[in-house]
Amino acid sequence: MRIAYVFLGAFLAIAQSAYAEVASPPVLAPLKRQAQAAELSAQFLSRYSYKPVPLDDALSARIMDGFIKSLDPDRMLFLQADIDRFMSDRSEIDDAIERKDLKIPFAIFNAYEQRVVDRMNYARSLLKQGFDFSAQENYSVLRDKAPWSQSEAESNELWRKRVKSDWLRLKLGGKTDAAIRETLDKRYENTLERAYKFKSDDVFQSFMDAYSTSIDPHTDYFGAAASADFNVSMKLSLFGIGAVLQERDDYTTIRELVPGGPAQLSGKLAVGDRITGVGQGKDGAIKEVVGTRLDEVVQMIRGKKGSVVRLDILPADAGADGTHRVISLVRDKISLDKQAARKTVLSVKAGDATRKIGIITLPVFYEDFEAKGKGDKDYKSASRDVAKLLDELKQEKVDSVLIDLRNNGGGSLDEAIDLTGLFIGNGPVVQQRRSDGKIEVKSAESAMPVWTGPMGVLINRGSASASEIFAAAIQDYGRGVIVGEPSFGKGTVQTVIDLDQIVRNSKPEFGELKVTIAQFFRVNGGTTQLRGVTPDIGLPGLSDPTVFGETSYDNALPWTEIKPANYTPADTVTTLLPTLQSRHDARVGSDPDFQRLLKDIADLKAQREKGVISLNEAERRKEATAREKRFKDRAEAGDGEDLGDDGLEAGERSLSADIAIENARKNAKDVLLDEAAAILADEVDLQEGMLKAATKQKTDGK
C-alpha cells in the first residue's frame with residue numbers, strides 16, 4: 001500500500017478564486033492528543049463492537065466518503081478536481097490512523113474552508129447586479145447525488161442560480177431590492193465568518209463522526225463538548241445562569257430566561273440583552289466575547305454551583321454605542337423542564353359521551369446516571385416523572401392515557417423498561433442479544449401497574465430506540481393501541497466508553513465512544529431493527545423514509561428474529577382494531593383539518609420528487625398565491641396563524657418576530673394528536689360497550 005506523507009501542501013495547492021480578496025482562513029493542524037484518541041478508538045472499535053469492523057482499506061474508503069459528504073452534502077463547494085485529489089488517498093486513512101497521523105482529514109478540511117471562502121465571496125459579488133426573473137430556468141434542490149462541478153465556471157453558474165433562488169424567495173416575501181441585497185450580503189458574510197472560527201477540535205470531531213458511523217449508524221465519538229452535551233441531555237440539568245442563548249449579528253443574545261434560574265430571579269436581564277463580555281469570580285478580568293462562537297461563550301458561562309460569573313451586558317434597546325452594565329450572577333442547578341415529561345387533558349366526543357384523554361408527552365428517555373450511581377433518592381428519571389403524572393391524571397379522572405413519543409429519539413434502556421412496567425406491572429419487556437450470541441431477557445419489576453385503564457402510544461418516524469422498545473412491548477402485550485407512522489427502526493443498544501478511563505488518564509483528553517454492544521428484540525421474537533414498529537392505526541407523516549430512518553443507512557444491520565419470550569398477551573385491543581379503523585376512516589374523511597394536512601403532505605412529496613424549483617417569478621408567484629390561500633383558509637378555520645414564507649432564515653428577523661413565529665407554530669392545531677386522542681376515546685367507548693354486553697349476558701344467564 002502506498003504511503004503518502006506530503007498531504008498538506010498538495011491539498012492546499014488549489015487554484016485561488018478570482019474573488020478571494022479576503023484573507024485565507026487559518027490552516028488547521030491536528031493535535032497530538034487527537035491522533036492518540038483516533039488510534040485508541042480504532043483499537044476499541046476493531047475489537048469490541050457488536051459487529052467488529054477491521055480498520056482496513058475498505059473501511060478507509062467508507063470513512064473518506066462519509067467525511068467528504070459531511071462537509072459538502074449538496075456538492076455545492078468542492079470541484080471534481082478536489083475530489084480526484086482527495087480520492088488518491090481514499091485507502092490510506094487506516095494506515096494513517098495506525099501511525100497516529102491525521103494530516104489527510106485536516107488537509108481536506110482546510111481545502112473545504114478555502115472553498116467556503118471562495119464561494120461566499122463570489123455569492124456576495126453577485127449581489128451587485130440584478131437578476132432576470134422572466135427567464136425560464138430551474139434550480140436543483142436535491143444535489144446529494146449530483147455530479148461535482150467540473151470547473152470553477154460551472155461552480156459559478158451553480159452559485160448564480162443558488163443566489164438567484166435566495167433573492168427570488170425574499171422578493172416573493174415582499175422585500176425591496178435594497179433590503180434583499182442587505183439581507184443576503186449579511187447571510188453570506190456570516191457563513192464566511194464561520195469559516196474563520198473553526199478550530200482543530202471541530203475538524204477532529206467531524207472526522208471521528210465519519211469514522212464511527214462507518215462502523216454502524218449509531219456508533220459515535222464524543223469530544224469534550226459533545227460529551228458534555230450528551231450528559232446534559234440525560235440529566236436534564238446543568239450548572240449555569242438559566243438563560244437560552246442565541247448568536248445574532250456577532251452578539252451572544254438572551255433568547256429566553258429559564259423560570260426560577262439565577263438570570264430570571266435577578267431581574268437584571270431581559271430577552272434581547274446582549275452579552276459582550278464574561279468574567280469569572282467576583283473580580284476576575286472580563287473577557288470580550290463579541291464575535292466569539294456561541295458554544296465557547298456557553299462554556300465560559302457554565303460552571304460550578306455557587307460560583308460567580310460576571311457579564312458585561314449591552315441592553316436590548318441600546319445601540320452599538322449604548323451604555324453597558326456589568327452584572328454578577330451566582331451559578332445554580334438549572335433544570336431543563338422543556339425536555340421533561342409533561343401532561344395535558346383533552347376532552348373528546350365519542351358516541352354519546354365525552355371522554356377525557358390524558359396526554360403525556362415524553363421528549364426523551366432521560367435518567368441522571370451520575371446521581372443514581374451516588375444513591376441520590378431523588379435522581380431525575382423519565383419513568384418516575386411519568387408515574388407522578390399518571391397519579392395526577394387518575395385524580396383528574398381521565399378515561400384513557402396517550403403517551404406521545406413523537407420525535408423521541410430514545411435514551412436510557414432502563415427507563416424504557418421501567419416505563420413499560422407502569423402499564424403492564426411485572427413481565428418481560430425486551431430481549432437483548434450480545435455479540436457472543438447470548439440472549440438476556442430484561443423485565444419490568446413493578447409489583448402493580450400504575451395505570452390499568454385504556455391507553456395508547458403515538459409515534460412517528462422520529463420515534464427511535466427506547467421509544468420503539470416501549471411501543472413494541474405495549475403492542476405485543478395488547479396493552480394499548482399504537483397510533484401514528486412506522487417508527488425509525490433502530491434496534492441496537494449502545495454503551496458509552498470513557499477512553500481516558502481505559503488508559504487510566506488522569507485528565508480528560510481522549511473523549512468518549514458510544515459503541516453498539518447488542519441488538520434488542522421484542523418479546524414476540526421480532527426486532528424493530530430496520531422495520532421499526534408498525535402502528536395499529538396508521539397516520540400520515542411529513543418525513544421522507546429514503547433520507548430519514550434506519551432504512552436510509554447503507555450499513556444498517558438487517559432485520560432478524562429469535563424465539564419469543566415467555567409472556568402472556570391480551571387480545572382486547574386486537575379485537576377492537578377493525579372497528580377503531582373504520583371509525584377513524586369515517587372521521588378523517590370528513591375532517592377538513594385532516595384533509596388539509598393530507599394535501600400539505602402530498603404537495604411536499606411532489607416537490608421532493610420534482611427535485612427542482614422554478615426561478616421564474618410568474619410561476620413562483622402563482623405557486624405562492626395558491627399556498628397563501630391555503631394558509632388563509634386554515635387561519636380562518638382556527639388552525640393556526642398564516643405564517644407564510646418571508647424568505648428569511650433564523651436570526652435574520654427581529655428577535656421578537658422569531659419568537660412570535662415559534663410560538664405560533666407551537667400553538668397551531670395538532671391535527672395528529674387530536675386524531676390519536678379521538679381513537680383512544682373510541683377505544684374507551686368500545687371497551688365500555690363490551691363490558692356492558694358481558695355484564696348483561698352474565699345477568700341474563702342467571
Side-chain angles (χ1 to χ4, degrees), residues 50-51 216 218 362 365 367 381-383 386-387 401 403 405 408 410-452 454-457 459 463-484 486-495 516-536 550 556-577:
Y50 178 69
K51 184 183 176 183
D216 78 69
H218 307 292
L362 185 65
F365 283 83
E367 181 180 34
S381 151
S383 60
V386 171
V401 171
I403 306 297
L405 297 180
N408 181 323
S412 167
L413 173 63
D414 289 342
E415 286 300 309
I417 294 169
D418 291 345
L419 187 71
T420 307
L422 300 181
F423 298 94
I424 70 166
N426 192 8
V429 173
V430 64
Q431 303 184 82
Q432 187 170 308
R433 183 171 70 184
R434 303 197 313 248
S435 57
D436 60 7
K438 290 184 179 179
I439 297 172
E440 178 185 6
V441 178
K442 291 185 172 289
S443 299
E445 298 178 353
S446 302
M448 289 288 293
V450 174
W451 178 260
T452 57
M455 62 88 62
V457 186
I459 58 175
S463 306
S465 197
S467 292
E468 296 173 290
I469 290 174
F470 174 75
I474 295 298
Q475 189 176 56
D476 290 345
Y477 274 91
R479 178 63 187 86
V481 59
I482 311 301
V483 182
S487 59
F488 191 91
K490 178 183 177 294
T492 53
V493 183
Q494 286 74 35
T495 190
T516 299
I517 57 168
Q519 185 170 358
F520 66 75
F521 293 82
R522 304 168 64 137
V523 290
N524 72 0
T527 178
T528 60
Q529 175 61 24
L530 214 61
R531 298 182 184 177
V533 176
T534 301
D536 299 314
E550 197 76 7
L557 291 173
W559 185 91
T560 186
E561 59 185 334
I562 59 175
K563 291 181 180 179
N566 185 18
Y567 75 107
T568 306
D571 62 357
T572 309
V573 172
T574 305
T575 304
L576 300 177
L577 284 179

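Residue numbers count from 1 along this sequence.
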* Measure across Pro428 and Ala565 and return the closest heavy-atom pair with its distance rounded to 0.1 Å. => CB-CB, 4.2 Å

* CA sep, side-chain torsions, deciding dist, call: Val457, Val483, side chain to side chain contact (heavy atoms under 4.5 Å, CB included) -> CA-CA 6 Å; Val457 186; Val483 182; over 6 Å; no

* Asked: Have Thr492 and Gln494 got a donor and an acceptor in their side chains that come within less than 3.5 Å?
  -> yes

* Given Tyr50 and Val493, is the side chain to side chain contact (heavy atoms under 4.5 Å, CB included) satisfied, shown in steps? -> CA-CA 9 Å; Tyr50 178 69; Val493 183; over 6 Å; no

* Under 3.5 Å, is there a donor-acceptor pair linking the side chains of Ser381 and Glu415? -> yes

* To do: Please report the closest heavy-atom contact between Ile474 and Phe423, naming both atoms and the distance.
  => CD1-CB, 4.1 Å

* Structure fact -> Closest non-hydrogen contact found for Glu367 with Asp414 is OE1-CB, 4.3 Å

* Atom pair CG (Asp571) and CG (Leu577), whose distance is rounded to the nearest 0.5 Å -> 11.0 Å

* Stepwise side chain to side chain contact (heavy atoms under 4.5 Å, CB included) test for Ile562 and Gln519 -> CA-CA 11 Å; Ile562 59 175; Gln519 185 170 358; over 6 Å; no

* Do Glu445 side-chain atoms and Gly427 backbone N/O form a donor-acceptor pair below 3.5 Å? -> no

* Which is it for Leu362 and Leu419 under the side chain to side chain contact (heavy atoms under 4.5 Å, CB included) test, yes or no, and what are the steps along the way? -> CA-CA 11 Å; Leu362 185 65; Leu419 187 71; 4.1 Å; yes

* Asked: So, Asp536 side chain and Ile482 main chain: donor-acceptor pair closer than 3.5 Å or not?
  -> yes

* How about Glu468 and Ile459: do any of their side-chain heavy atoms sit closer than 4.5 Å? -> no

* Asked: With respect to Arg522, which candidate in Thr527, Val430, Thr528 satisfies the side-chain contact (heavy atoms from CB on, under 4.5 Å) definition?
  -> Thr528

* Structure fact -> OG1 of Thr572 to OH of Tyr477, rounded to nearest 0.5 Å, is 15.0 Å

* To do: Can you see which heavy atom on Thr420 is nearest to which on Ala473, and at what distance?
  => CG2-CB, 3.8 Å

* Asked: Less than 4.5 Å apart, any side-chain heavy atom of Ile517 and any of Arg434?
  -> no

* **Ile469 side chain reached by Phe520 side chain, heavy atoms, under 4.5 Å** => yes

* Asked: If every non-hydrogen atom of Gly484 is compared with every non-hydrogen atom of Pro535, which pair is closest and at what distance?
  -> O-CG, 3.2 Å

* Expected output: side-chain Gln431 to main-chain Lys563 donor-acceptor under 3.5 Å -> yes

* To do: To the nearest 0.5 angstrom, please state how far the CD1 atom of Ile439 sits from the CZ atom of Phe521.
  => 7.0 Å

* Passing option when Asn408 is tested against Ser467, Ser465, Ser487 for side chain to side chain donor-acceptor pair (under 3.5 Å) -> Ser467

* Asked: What distance do Ile424 atom CD1 and Arg479 atom CZ have between them, rounded to the nearest 0.5 Å?
  -> 9.5 Å

* For residues Gln529 and Glu550, is any side-chain donor paired with an opposing acceptor at under 3.5 Å? -> yes

* How long is the span from the CG atom in Leu413 to the CZ atom in Phe470, to the nearest 0.5 Å? -> 14.0 Å

* **Pairing of Glu440 and Lys438 as salt bridge, 4.0 angstrom limit** => no

* **Flag, side chain of Ser463 to backbone of Leu405, donor-acceptor distance under 3.5 Å** => yes

* Structure fact -> Rounded to the nearest 0.5 Å, the OG atom of Ser383 sits from the CG atom of Leu422 at a distance of 6.0 Å

